[in-house]
Structure formats: C-alpha cells, structure tokens
Amino acid sequence: MKFSEIPGHDTAKERMRRMAQTDRLPHAILLEGPSGIGKMALARAFAQYIQCDHPDSNGDPCGTCQSCMLHQSMNHIDVQYVFPVVKLDGMNSAPISDDFRDQWVEYLGNRLYMDFQQWANSFGKKNGQPQTYVTESSALLHRLAFTSHVSRYKIVIWWLPEKMNEEAANKMLKMIEEPYDDTIFIMVSDQPREILPTIYSRVQRIELKRLPDATIANYLTSNFDISEADAMAIAHIAEGNATRAMQALNETKETAEFFDLFVRLMRLAYQRNVKALRDWADELAGIGREREIRFYDYAMRMIRENFIYNFHIPELTYMTGTEEQFSTKFSRFINEANVEKIISTFNRAQTDIAGNANGKIVNFDVAIKTIMLLIKK
C-alpha cells in the first residue's frame with residue numbers, strides 16, 4: 001500500500017513521512033477518526049514506508065524492494081496484524097487473530113476502506129460481535145519477544161483496539177508502558193474514547209478528519225460507472241464516509257423504490273386523491289418497519305434538497321440526475337411556509353413507526369397532512 005493510492009489526508013501523510021525520515025518514531029501511534037475514511041490503508045502505507053529499503057523522492061515506499069514485496073503479499077515476517085475476532089462454535093479457547101489469518105488476508109486485500117459490520121458478517125455467526133480477547137495479548141507478547149528478521153523494526157498494525165475486552169486491555173497496557181526497542185504499534189480506531197484511558201494517554205495520536213465530498217465523489221467516478229452529479233449526491237449523503245458511499249451505490253434499487261414512493265406521495269397529495277393515498281399508505285407499510293424508517297429519512301432529505309433547490313445555487317444541492325429532474329417542477333411547492341412542518345411530520349412518523357405504531361395508520365396520516373401542507377407559491 002502506498003500513500004499515493006489513498007485519497008486525501010495530505011497533512012497526516014506528511015507528518016508520518018517526517019516521523020520516518022527523521023527516525024523519530026514513537027513506540028505507539030494511534031490513527032483516530034470516523035470510520036470509512038481510509039485509516040487502515042494509511043496504517044499499512046505508513047508501515048511499508050517505515051520498512052522500505054529505498055523510499056522514493058515523492059514520499060512513497062518504492063514498491064520493489066524485498067520489504068515492499070513482502071508487504072504487498074501480506075507475508076512480512078516483521079509485521080503483525082491484530083484485529084477483532086469471534087469465538088466460533090467448537091473452539092475450546094478464546095481465539096486470536098492468527099486463527100483467522102487467511103480470512104483476514106482475503107478480506108483486507110487492497111481494500112482502502114474498512115467496514116466493521118461487513119467483517120463481523122464474514123464469520124457467519126449470527127449476533128457474533130468480534131472482539132480482542134486476552135489470549136491475543138499473550139500470543140502477541142510471545143511473538144514480539146523475537147528480534148526482527150528483515151527490517152529494523154517490528155510493526156504491529158492493530159485494527160480497532162477499542163474492541164479489546166478489559167482483561168486484554170490491561171495486559172496490553174504493559175506492552176505499551178514497557179515496549180521492546182525495535183517494536184512499533186500502529187493502532188487504528190473509529191471510537192478512540194472507548195480505548196482504555198491509560199492506553200489512550202500513552203500513544204501519540206494522529207487525528208484524521210472526514211473526507212471532503214469532492215474527494216469521495218472523485219473516488220466514485222474513478223472506480224465506478226457513475227456520473228459526476230450522482231457521485232456528488234451520494235458523497236454528500238455519505239457525510240465523509242467512503243464505505244457508506246459505496247454501500248449507497250449498492251442500494252440503488254432501494255433508493256429508486258423510495259424515490260417512486262416519494263414522487264407518488266407528492267403527486268397524489270397535490271391531486272388530493274385520498275383513495276389512492278390510502279393504497280399508498282398500505283403499500284409503504286408492506287415494505288417492513290425498518291425500510292419504512294429508511295424511507296422517511298430519504299423523504300426528509302428530498303424535502304430539504306427541494307427547498308434548497310429554490311435558491312438556484314447548484315453547488316448547494318446534492319441530488320441524482322433523476323431526483324433533480326423531478327425537482328425542477330416540484331421544488332416550487334416547498335417553501336418557507338411548509339418546509340419545517342413537512343419535515344416534522346415525516347420525523348414524527350418515523351419515530352412512531354420505530355415505536356411499533358401501526359404503519360398503515362401512520363402513513364395515511366402523513367398522506368393527509370401532506371395534502372394540507374403542500375402550498376403553491
């Protein structure tokens with residue numbers, strides 16, 4: 001993994017390069033920030049840069065030396081990966097990362113953006129939540145007792161140290177307080193405040209921010225068959241999380257269904273077609289409670305976007321081409337007099353459905369209120 005392959009985070013990359021170039025590497029470094037921004041990829045690039053025999057003039061590992069080749073095949077003997085695992089049926093003792101090495105290598109590959117839930121699902125154990133057990137700390141301590149073989153430093157890349165159970169965290173503390181001279185820990189955390197405070201206080205932290213919408217949009221257009229407008233709309237909804245943006249690409253079928261439901265609600269409400277709205281309410285209730293809740297999230301976003309669309313400032317609106325085409329005629333019905341009331345109506349419906357209210361009744365109530373709230377300027 002090279003720094004140049006990872007979008008954004010230029011300041012953090014430069015800071016990591018300076019650490020390696022000046023040989024001022026702390027024993028424990030924490031890359032912290034929101035999920036889906038490329039922290040794990042940065043940790044891997046940093047480790048490869050530290051161990052590279054001939055870093056290039058652009059601030060990247062060379063990619064051709066023995067160490068780089070071992071990194072790329074994930075077979076570097078002086079690199080240890082630690083990650084949350086699940087105790088599967090039939091295991092006599094708590095597992096360690098090495099028990100799932102092949103699964104990890106296949107999952108990680110050249111992945112830029114990690115997804116904890118996707119990793120958890122890969123174990124195929126319903127309700128199994130990956131964690132790091134105390135056995136991991138014991139095994140790691142044993143492995144780090146040996147001197148490095150290929151590189152000057154042994155490096156531990158630790159994904160989500162906040163997933164350590166308390167016993168493991170307390171044992172890990174000793175390794176941080178009394179580290180081996182040739183060992184560097186590079187930790188990657190989505191929720192750093194959940195790390196044991198005594199560990200958190202002993203690491204050098206590099207805080208990473210959410211990715212700009214433009215960075216995510218450029219990544220989407222470069223890697224997927226998607227227009228710039230649709231990519232920017234998805235990036236905006238993803239709120240800086242590239243993983244969420246790619247999930248949105250895979251949810252286009254649901255988004256299209258929600259768009260159709262939204263358009264029909266607005267058209268039938270404008271027509272005051274109560275009978276058809278009752279059928280609409282029943283149809284929405286039929287898609288299931290969780291999806292109803294997601295529909296109202298989508299509907300609230302569409303109302304906000306249509307209100308902003310009236311200002312005629314393209315850079316402020318984030319809609320797909322299909323959504324914008326509808327909004328060119330619909331947006332004039334959303335104005336200062338009704339925007340907050342419509343959003344409040346949808347939000348209340350979402351809360352009621354989450355609280356197990358009757359979806360058909362809630363949705364029909366929304367439909368009737370929408371008739372009253374659609375005011376033409």
Side-chain angles (χ1 to χ4, degrees), residues 212-214 217 227-240 245 248 251-252 254-285 287 291-355 357 359-377:
D213 291 349
S227 70
E228 291 184 9
D230 287 356
M232 184 57 78
I234 289 174
H236 178 66
I237 297 166
E239 298 179 330
E251 293 168 358
T252 52
E254 181 178 80
T255 302
E257 183 180 359
F258 287 168
F259 174 71
D260 177 67
L261 285 164
F262 178 81
V263 169
R264 282 194 284 136
L265 169 62
M266 296 304 157
R267 285 176 175 166
L268 293 172
Y270 178 75
Q271 295 165 5
R272 288 164 168 74
N273 190 334
V274 176
K275 182 180 182 302
L277 284 170
R278 183 179 293 277
D279 293 337
W280 176 90
D282 292 350
E283 181 183 344
L284 179 57
I287 70 175
R291 297 184 69 213
E292 279 183 279
I293 291 171
R294 293 200 296 274
F295 165 75
Y296 281 114
D297 267 333
Y298 175 83
M300 285 187 279
R301 181 180 73 81
M302 283 296 289
I303 293 298
R304 292 189 191 98
E305 293 295 343
N306 274 270
F307 178 68
I308 295 171
Y309 192 81
N310 289 310
F311 295 109
H312 304 293
I313 307 176
E315 58 267 28
L316 294 181
T317 56
Y318 299 91
M319 291 185 284
T320 66
T322 303
E323 291 169 344
E324 186 171 2
Q325 185 178 6
F326 169 72
S327 298
T328 56
K329 295 182 179 179
F330 172 70
S331 60
R332 67 179 184 272
F333 295 99
I334 306 301
N335 49 68
E336 293 88 346
N338 63 11
V339 59
E340 291 185 3
K341 293 178 181 178
I342 295 176
I343 290 174
S344 178
T345 298
F346 290 164
N347 186 58
R348 177 61 184 270
Q350 187 181 61
T351 301
D352 289 344
I353 289 170
K360 293 181 180 180
I361 295 174
V362 172
N363 297 334
F364 188 56
D365 182 63
V366 167
I368 298 302
K369 287 179 178 175
T370 302
I371 291 176
M372 307 297 294
L373 290 170
L374 278 185
I375 302 171
K376 184 176 179 180
K377 271 194 163 183

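Hydrogens, waters and symmetry mates are skipped; everything else that's a heavy atom, side chains included, is used.
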For Arg294, does the CZ atom sit with more than 12 other heavy atoms under 6.0 Å from it, leaving out its own atoms?
yes

Measure up the Phe330 and Phe262 rings against each other and bin them: parallel (under 30°), tilted (30 to 60°), perpendicular (over 60°).
perpendicular

Enter the distance from Phe258:CZ to Thr255:OG1 here, rounded to the nearest 0.5 Å.
7.5 Å

Picking from Arg278, Lys360, Arg264, what satisfies side chain to side chain donor-acceptor pair (under 3.5 Å) with Glu283?
Arg264

For residues 298-307, which residue pairs qualify under salt bridge (Lys or Arg N to Asp or Glu O under 4.0 Å), counting only residues two or more places apart or in two chains?
Arg301-Glu323

Ignoring hydrogens, what is the shortest heavy-atom contact between Leu284 and Glu292? Give both atom names and the distance.
O-CG, 3.3 Å

For the CZ atom of Arg291 and the CG atom of Asp297, what is their distance to the nearest 0.5 Å?
13.5 Å

Measure up the Phe311 and Phe307 rings against each other and bin them: parallel (under 30°), tilted (30 to 60°), perpendicular (over 60°).
perpendicular

Under the rule for side-chain contact (heavy atoms from CB on, under 4.5 Å), what residues qualify as partners of Ala229, not counting sequence neighbours?
Ser227

Non-hydrogen atoms of Ala217 and Ala235 that approach each other most closely:
N-CB, 3.8 Å

Could you tell me the separation between the CG atom of Asn338 and the CD1 atom of Ile343, rounded to the nearest 0.5 Å?
9.5 Å

Just jot down the side-chain contact (heavy atoms from CB on, under 4.5 Å) partners of Ile368, sequence neighbours excluded, or say none.
Val274, Phe364, Ile371

Just verifying a value: how many Å separate Leu374 CG and Met372 CE, rounded to the nearest 0.5 Å?
11.0 Å

Heavy-atom closest pair, residues Ala276 and Leu268
CB-CD2, 3.6 Å

Enter the distance from Leu277:CG to Thr370:OG1 here, rounded to the nearest 0.5 Å.
8.0 Å

Find the distance between CD1 (Ile342) and CG (Asn306) and round it off to the nearest 0.5 Å.
9.5 Å

